[in-house]
Each structure stands twice: as C-alpha cells, then as structure tokens.
Amino acid sequence: MIGLGGNHSVMLKRSILWLIVFLLLFVFYRQYQLPSKEQKKVQELLLRGRKAINLTELKYSSKDPAEGVSFSIKKTRNYTQQTETSKKENNQQSIEDSVTYLPEDFIRAWDFVGKEGIPLRQASFSNFITSLFKLKPARVLQKEEVQSLSVYGLDSPLRTVSLGFDSGEIVEISCSSLVSPFGVFYCLIHGDEKLYVFREIDLGFMHFQENGLFADLIFNLVRSDVKKIFIQRGSENLELDLSVYENPLIISPFKGKASFKFLDDLFRDCRDLLVDEWESYGQSLDLKKFNLDTPKVSFKFVTDKGEYEYAFAEVFEENKKDEKGKEPSKKSYVYVKDLNAIGRLVATTTSNLFNLVNDVRERKQFRFSLFDVNQVKFNLEGAFYEGGFKDGKWVINDKEVEFSQFESAFGALKDIEAQSFKPFKSDAIVELKLFLKTNSGVVLDCIFSGSVEGERLVKCDEEFSITEKDFQDFRSKLLKLVES
C-alpha cells in the first residue's frame, strides 16, 4: 500500500509540473503572439496596394553586427522604353508578379545617394526589392492585441527600411531581431496600427553585406549583342564591325578581317575584370590622378541598347617594387564612362588585356568550312584544275576523289596563318592562283607568289605573307589530291 501511495504522489507531481510548463508556454504565446501551426497563412501582402516599379527611393539601416550597413539609393534616370513594353506584358501575369516586377536593367536607373556613378549589385538589390514586395506575414496583430513595443524589441529596432514612391508616399518599416527559440521577428509600418509577425525563413530578404552592395564585375556584354567596337591605344584608333557574327571586320583605319581569337579573348578578359575598390565617382572625376586622361587602352562597345565605354591605365608607385623585387609596383584602374566612376582593379584580371590589341587582325585568313565548299579552281605545275562537290561526290576535273584527300589539302590551307601584313610586290612571280567558293557565300580569290626572302606573299582580300614551310605543305597536298 505504501508503494502505491508513493507512485501516486510522483504522478501527481509530474502532472503539476507539466501544467506549469503549459501555463508558461501559454503566457509566452499570449505575450509574443506567436503564429500557430494551425493558423492559416495570411494572404495579404505586407506592402499591399504598392508596386516595385513605382519605387523612387530606398533607405536601409541595420544594427546587426553581421551587416552594420546603412545606405540610401535613389532612382535618378527613367527606365528604358523597352522595359516599359515588358511592363505592359507583365500586366497579364499574377498579382504577385505584377507588384514585384522590375525591368531587367533597372539598376542602371538608380544611384547611391552621395556615391553617384557607383554601380549597384544587380542581384542583391533585385532580390531584396522583389522579396520585400512579395512578403506575407505569418500573422497580423490588430491594435487591441499589441502590447508595448519593447515587448517585441521594436522600441529600438534592429533594421529600418524607408521606401519612397512616385506618388510621393513614404513607407517606413521597422523590424526587430529574431526572437529565440521560436524563430519569429516582428515588423511595423509607421502610421499603421498593426503589428506583423514573420517566421525566421522570411529574414533572408533583409540581409545585406557590404560587399553585396557594389558591383565588382563591371562587364556583362555578350559578343552577339555588340555591333561595333572602337579601340584606342595611344594614337592608334581602330573600328571593328561585328554586325555579321561570322564575319567580324576591321573597317578603319584599314580594311581587313578581325580576329576571332582577339574577340573571344577580349570579351572573356572583360567579363573577368574585378573591381577591388571604387576610388572615385560622381560629377567631377580626377582622371589625371589615375593616368586615365591618357589611358593605355580604351574600348567602346556599341549595342542596340546603348554605348559602353571603358578606359584602362596603370599607375606606378614610387619606391615600391613588385613581388619579385624587380619592376616598380603598379596598380591598374578602369574608368567606366556610363557609370562615371573609377575603380582600382584586381591586378591579375588585367594581365592580358593591355596586350590584346596587338592581335586584332585575323591571322587565319582562309576562313571557310570544308563541308560547305562547292567550287574550287587552281593552277598547279602548269596545269589548271577545277572541281568541288558535285552530284554527291567530290571531283577534280570530273574525276572523283576521296574526301579525305580533299580534306587534307584544303584543311592545310585553313590552318595557314599570316606571318605579317605587307603589300604584294608588283614584280613578284605568281606561282599559284586559287579560287574557292562555298554555299554560304564565302569567296577566296587568291594569288601566291614565288619565294621572296624565304617567305611567300599572298593577295586575297588582304595582302600578307606566309611561311615557306606552310606553302610547301599546302602545295604538296594539292599535288596528292590531283594525282589520286
């Protein structure tokens, strides 16, 4: 009997303990108004009735030690006409898509207040703004349910956001830190008597880092969008026409083919450019301080949407040596004209850029596809030959030849590179004439000279020299082709 009484006493104590725990949780829930699992998700947007496209100003301040940032950005330029068309198309989308819509290039219409010209990081701000406008609270507390702001940590909020709209409306939002262990935080809109409860998962939209504000990658153009490139290096000025993707041309100060390799390297190296620190920005830039009044090289890219100009220079530091202790230490800078800003570049990203201009001209002058050739004519060893792809066969002088032989000879021609660009001498002996035409319209009409000072001169669209070795290799394979 004594044993049964003892068990009953233990069970009673446990029941009382659980009751106390339940009462404490209930009081805590009532005090902080935590959202319950059974509660339906609030369908009302925090910024109901407002659209991101109408934003004109955004101020942000955080006391979070992990951030510690404060900034203000303002819309200073209109969005482009093209984005206005996209905006109309978005009217047919869902309400959430409509209120969060931003033009693809919206970031170019905005500036940091006091830091005009410094580009904003597109992804950081687009994610922040669109997330803010689609934000839905887990629970909304009405005026009569709200206790003292200190209860919710809003007497000294951790973050504040101020939004200005083109209507003149200003919306100010204050948010608390995360309340543990329940994983919620609270926000209020000044002038609104409600209190909004959010779960921890919603906190991500309000987190910035200092290096997440400014763009460090300054170039995002792709070659297919660029129609022209203007290059200046000292007194040398080049103009490239890229309107036909497969046939980039140099049109000034001379005419010729532009190098595919140069273009690929240029776009790759520009995309790799990293700004280590933005040094100067705004209306009055001291270009001379960074040698950008006389840049080492500059590029202007022309697209259907606009022009983008970048100038590059180096500044040597007195009494400082490089890592090897041999050359004077130097820093590289870029002037981004459409942003009106000067940035110091990460040194490794400019190592090849300054030397690229040496290789603008295409050295592979014989550009065509072997499978696209439909006609060839050439003279060799005093005889004339004509052929191409006819009736499903490769023929030379109406004699069928193996494609492997044709590929070997004209593949060797494709691989030949110009050694230097020099005029074809008027008194040079012509040893080989070649005409080639493709289905896609490529035409090569070339003459090859006899040996001139150990090399061969060639005249096609351009005039240049090739090595004796390359010529003899091509010639010997032509002989095998006609003898096969």
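The first residue in the sequence is number 1, and the count goes up from there. Given the structure is predicted, the values throughout are model-derived calculations rather than measurements.
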Visitor: If I take atom CG from residue L249 and atom OG from residue S243, how far apart are they, to the nearest 0.5 angstrom?
Guide: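 One finds 7.5 Å between CG of L249 and OG of S243.
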
Visitor: Tell me every residue that passes disulfide bond (SG atoms under 2.5 Å apart) with C460, counting only those two or more places apart in sequence or in another chain.
Guide: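 Expected list: C446.
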
Visitor: Return the minimal non-hydrogen interatomic distance between C187 and I173, and the atom names on each side.
Guide: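 Nearest pair, atom of C187 first, then I173: CB-CG2, 4.3 Å.
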
Visitor: Say you draw a straight line from NZ of K364 to CG of L413; how long is it, rounded to the nearest 0.5 Å?
Guide: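 One gets 10.5 Å once the value is rounded to the nearest 0.5 Å.
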
Visitor: With rounding to the nearest 0.5 angstrom, report the OG1 to CD1 distance, T467 to I416.
Guide: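 Taking OG1 in T467 and CD1 in I416, the distance rounds to 7.5 Å.
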
Visitor: Could you pull out the closest heavy-atom pair between S126 and F106, with the gap in Å?
Guide: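 Shortest heavy-atom contact: CB-CE2, 3.7 Å.
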
Visitor: For the side chain of S176 and the backbone of Y186, is there at least one donor-acceptor N/O pair under 3.5 Å apart?
Guide: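 Confirmed, S176 side chain pairs with Y186 backbone.
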
Visitor: Check the pair K289 / E279 against salt bridge (charged side-chain N to carboxylate O under 4.0 Å, His left out), numbers first and verdict last.
Guide: CA-CA 11 Å; K289 177 181 177 181; E279 297 277 0; 6.0 Å; no

Visitor: Give me each pair satisfying salt bridge (Lys or Arg N to Asp or Glu O under 4.0 Å) with a member in residues 233-244, each pair once, sequence neighbours excluded.
Guide: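 Checked against salt bridge (Lys or Arg N to Asp or Glu O under 4.0 Å) - neighbours excluded - the pairs reaching residues 233-244 are K228-E239, R233-E236.
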
Visitor: Name all residues meeting the ring pair (Phe, Tyr, Trp, His ring centres under 6.0 Å) criterion together with F299; count only those two or more places apart in sequence or in a different chain, and write none if there are none.
Guide: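 Partners of F299 by the ring pair (Phe, Tyr, Trp, His ring centres under 6.0 Å) criterion come out as none, since no residue qualifies.
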
Visitor: Give the intermediate values and the outcome of side-chain contact (heavy atoms from CB on, under 4.5 Å) for residues S162 and I170.
Guide: CA-CA 7 Å; S162 176; I170 303 294; 3.7 Å; yes

Visitor: What are the two closest non-hydrogen atoms of F290 and A313, and how far apart are they?
Guide: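 So the minimum-distance heavy-atom pair works out to O-CB, 3.4 Å.
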
Visitor: Does K194 have more than 12 heavy atoms from other residues, nucleotides or ligands lying within 6.0 Å of its NZ?
Guide: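 Correct, the count exceeds 12.
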
Visitor: Would you say that E172 contacts T160 through its side chain, given a criterion of any heavy-atom pair below 4.5 Å between the two side chains?
Guide: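 The answer is no; the side chains never approach within 4.5 Å.
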
Visitor: Between the side chain of D111 and the main-chain N/O of T76, is any donor-acceptor distance below 3.5 Å?
Guide: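 The answer is no, because no donor-acceptor pair under 3.5 Å joins these two groups.
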
Visitor: Can R139 and E145 be counted as an ion pair, charged N to O under 4.0 angstrom?
Guide: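 Salt bridge flag = yes for E145 with R139.
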
Visitor: Has R48 got a side-chain atom pairing as donor or acceptor with L46's backbone, closer than 3.5 angstrom?
Guide: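 Between the backbone of L46 and the side chain of R48 there is a qualifying donor-acceptor contact (under 3.5 Å).
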
Visitor: Would you tabulate the side-chain donor-acceptor contacts of residues 258-267 under 3.5 Å, counting partners in other chains and residues two or more places apart, or write 'none'?
Guide:
from : atom 1 : to   : atom 2 : distance (Å)
S259 : OG     : K261 : N      : 3.2
S259 : OG     : F262 : N      : 3.0
K261 : NZ     : D265 : OD2    : 2.8
D265 : OD1    : R268 : NH1    : 2.9

Visitor: Taking only residues two or more places apart in sequence, or in another chain, which ones meet F410 in a ring pair (Phe, Tyr, Trp, His ring centres under 6.0 Å)?
Guide: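 In terms of ring pair (Phe, Tyr, Trp, His ring centres under 6.0 Å), with neighbours along the sequence ignored, F410 is linked to F406.
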
Visitor: Indicate yes or no: at least one non-hydrogen side-chain atom of H190 is less than 4.5 angstrom from one of L188.
Guide: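 Contact flag for H190/L188 side chains = yes.
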
Visitor: Could you give the distance from CG (L149) to CG (D155), rounded to the nearest 0.5 Å?
Guide: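 Result: 7.0 Å between the selected atoms.
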
Visitor: Does any part of the side chain of P103, heavy atoms only, come nearer than 4.5 Å to the side chain of I53, both counted from C-beta?
Guide: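 When only atoms from C-beta onward are counted, P103 and I53 do touch, with a gap below 4.5 Å.
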
Visitor: Going by salt bridge (charged side-chain N to carboxylate O under 4.0 Å, His left out), name the residues that satisfy it together with K74, two or more places apart in sequence or in a different chain.
Guide: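 Per chain and number, K74 pairs via salt bridge (charged side-chain N to carboxylate O under 4.0 Å, His left out) with no residue.
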
Visitor: Show your working on side-chain contact (heavy atoms from CB on, under 4.5 Å) between D225 and F301 and close with a plain yes or no.
Guide: CA-CA 9 Å; D225 290 336; F301 300 86; over 6 Å; no

Visitor: Would a 4.5 Å heavy-atom cut-off, applied to side chains only, mark L163 and L132 as touching?
Guide: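 Yes; the side chains approach each other to less than 4.5 Å.
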
Visitor: Between K63 and S156, do the side chains contain a donor N or O and an acceptor N or O under 3.5 Å apart?
Guide: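 Yes, because at least one side-chain N or O of S156 sits under 3.5 Å from a partner of the opposite role on K63.
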
Visitor: Would you check if the side chain of Y152 reaches a backbone N or O of Q147 as a donor-acceptor pair within less than 3.5 Å?
Guide: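 Yes, because the side chain of Y152 sits within donor-acceptor range (under 3.5 Å) of the backbone of Q147.
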
Visitor: Flag the pair L135 / F198 as yes when at least one side-chain heavy-atom distance between them is below 4.5 Å, and no otherwise.
Guide: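 A side-chain contact under 4.5 Å exists here.
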
Visitor: Only counting residues at least two apart or in another chain, list the ones meeting side-chain contact (heavy atoms from CB on, under 4.5 Å) with I73.
Guide: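 So I73 forms a side-chain contact (heavy atoms from CB on, under 4.5 Å) with L58, F71, W110, F112, L120, F125.
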
Visitor: Excluding sequence neighbours, so at least two apart, what forms side-chain hydrogen bond (donor to acceptor under 3.5 Å, both in side chains) with Y333?
Guide: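 If we apply the side-chain hydrogen bond (donor to acceptor under 3.5 Å, both in side chains) test to Y333, skipping adjacent residues, there are no hits.
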
Visitor: Could you give me the CA-CA distance, side-chain angles and deciding distance for V113 and K59, then say whether side-chain contact (heavy atoms from CB on, under 4.5 Å) is met?
Guide: CA-CA 10 Å; V113 176; K59 298 178 182 178; over 6 Å; no

Visitor: Can you see which heavy atom on E193 is nearest to which on V146, and at what distance?
Guide: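 Here E193 and V146 meet closest at O-CG2, 4.3 Å.
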
Visitor: When rounded to the nearest 0.5 angstrom, what distance separates CZ in F371 from OG in S440?
Guide: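 Atom-to-atom, F371:CZ and S440:OG are 14.0 Å apart.
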
Visitor: What are the two closest non-hydrogen atoms of P253 and L238, and how far apart are they?
Guide: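 Shortest heavy-atom separation between P253 and L238 comes out as CD-CD2, 3.4 Å.
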
Visitor: Using modelled atom types and a 3.5 Å cut-off, is there a donor and acceptor pairing between side-chain atoms of R199 and backbone atoms of A138?
Guide: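 Absent.
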
Visitor: Do E362 and E462 have side chains that get closer than 4.5 Å, going by heavy atoms?
Guide: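 A side-chain contact is absent here, since even the closest heavy-atom pair is not under 4.5 Å.
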
Visitor: Check for a donor-acceptor pair, side chain of N291 on one end and backbone N or O of E314 on the other, with a separation under 3.5 Å.
Guide: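 It does hold such a pair.
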
Visitor: Test side-chain contact (heavy atoms from CB on, under 4.5 Å) on F165 and L55 and set out the steps.
Guide: CA-CA 5 Å; F165 293 87; L55 265 181; 4.0 Å; yes

Visitor: Not counting sequence neighbours, list each pair that qualifies as a side-chain hydrogen bond (donor to acceptor under 3.5 Å, both in side chains) and has a residue in residues 410-422.
Guide: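 For residues 410-422: S420-S465, K422-E455.
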
Visitor: Just to verify, which of V373, D461, L436 counts as forming a side chain to side chain contact (heavy atoms under 4.5 Å, CB included) with L444?
Guide: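 When V373, D461, L436 are each tested with L444, the side chain to side chain contact (heavy atoms under 4.5 Å, CB included) holds only for L436.
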
Visitor: CD1 of I231 to OG of S298: how many Å apart, nearest 0.5 Å?
Guide: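 Result: 9.0 Å between the selected atoms.
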
Visitor: List the residues meeting side-chain contact (heavy atoms from CB on, under 4.5 Å) with S224, not counting sequence neighbours, and say none if there are none.
Guide: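 S224 satisfies side-chain contact (heavy atoms from CB on, under 4.5 Å) with V222, Y245 once adjacent residues are dropped.
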
Visitor: Under 4.5 Å between any side-chain heavy atoms of L195 and L154, yes or no?
Guide: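 Answer yes - side chains close enough.
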
Visitor: Please enumerate all residues that pass side-chain hydrogen bond (donor to acceptor under 3.5 Å, both in side chains) together with S148, with sequence neighbours excluded.
Guide: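 Checked S148 against side-chain hydrogen bond (donor to acceptor under 3.5 Å, both in side chains); matches are S150.
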
Visitor: Is there a donor-acceptor contact under 3.5 Å from the side chain of T56 to the main chain of K75?
Guide: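 No; zero donor-acceptor contacts below 3.5 Å.
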
Visitor: Can you find a heavy atom in the side chain of R361 that is under 4.5 Å from one in the side chain of I250?
Guide: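 Answer yes - side chains close enough.
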
Visitor: Taking NZ, NE, NH1 and NH2 as the nitrogens, is one of them in R344 or D276 under 4.0 Å from a carboxylate oxygen of the other?
Guide: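 Salt bridge: yes.
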
Visitor: Name all residues meeting the ring pair (Phe, Tyr, Trp, His ring centres under 6.0 Å) criterion together with F254; count only those two or more places apart in sequence or in a different chain, and write none if there are none.
Guide: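 With sequence neighbours excluded, F254 shows a ring pair (Phe, Tyr, Trp, His ring centres under 6.0 Å) to no residue whatsoever.
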
Visitor: Between the side chains of D202 and K136, is the shortest nitrogen-to-carboxylate-oxygen separation below 4.0 Å, so that they form an ion pair?
Guide: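 Result for this pair is no, no salt bridge flagged.
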
Visitor: Return the minimal non-hydrogen interatomic distance between F185 and S177, and the atom names on each side.
Guide: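 Closest heavy-atom pair between F185 and S177: CB-O, 3.6 Å.
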
Visitor: Under a 3.5 Å distance rule, please check whether R363 uses its side chain to pair with a backbone N or O of A418 as donor and acceptor.
Guide: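 Present.
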
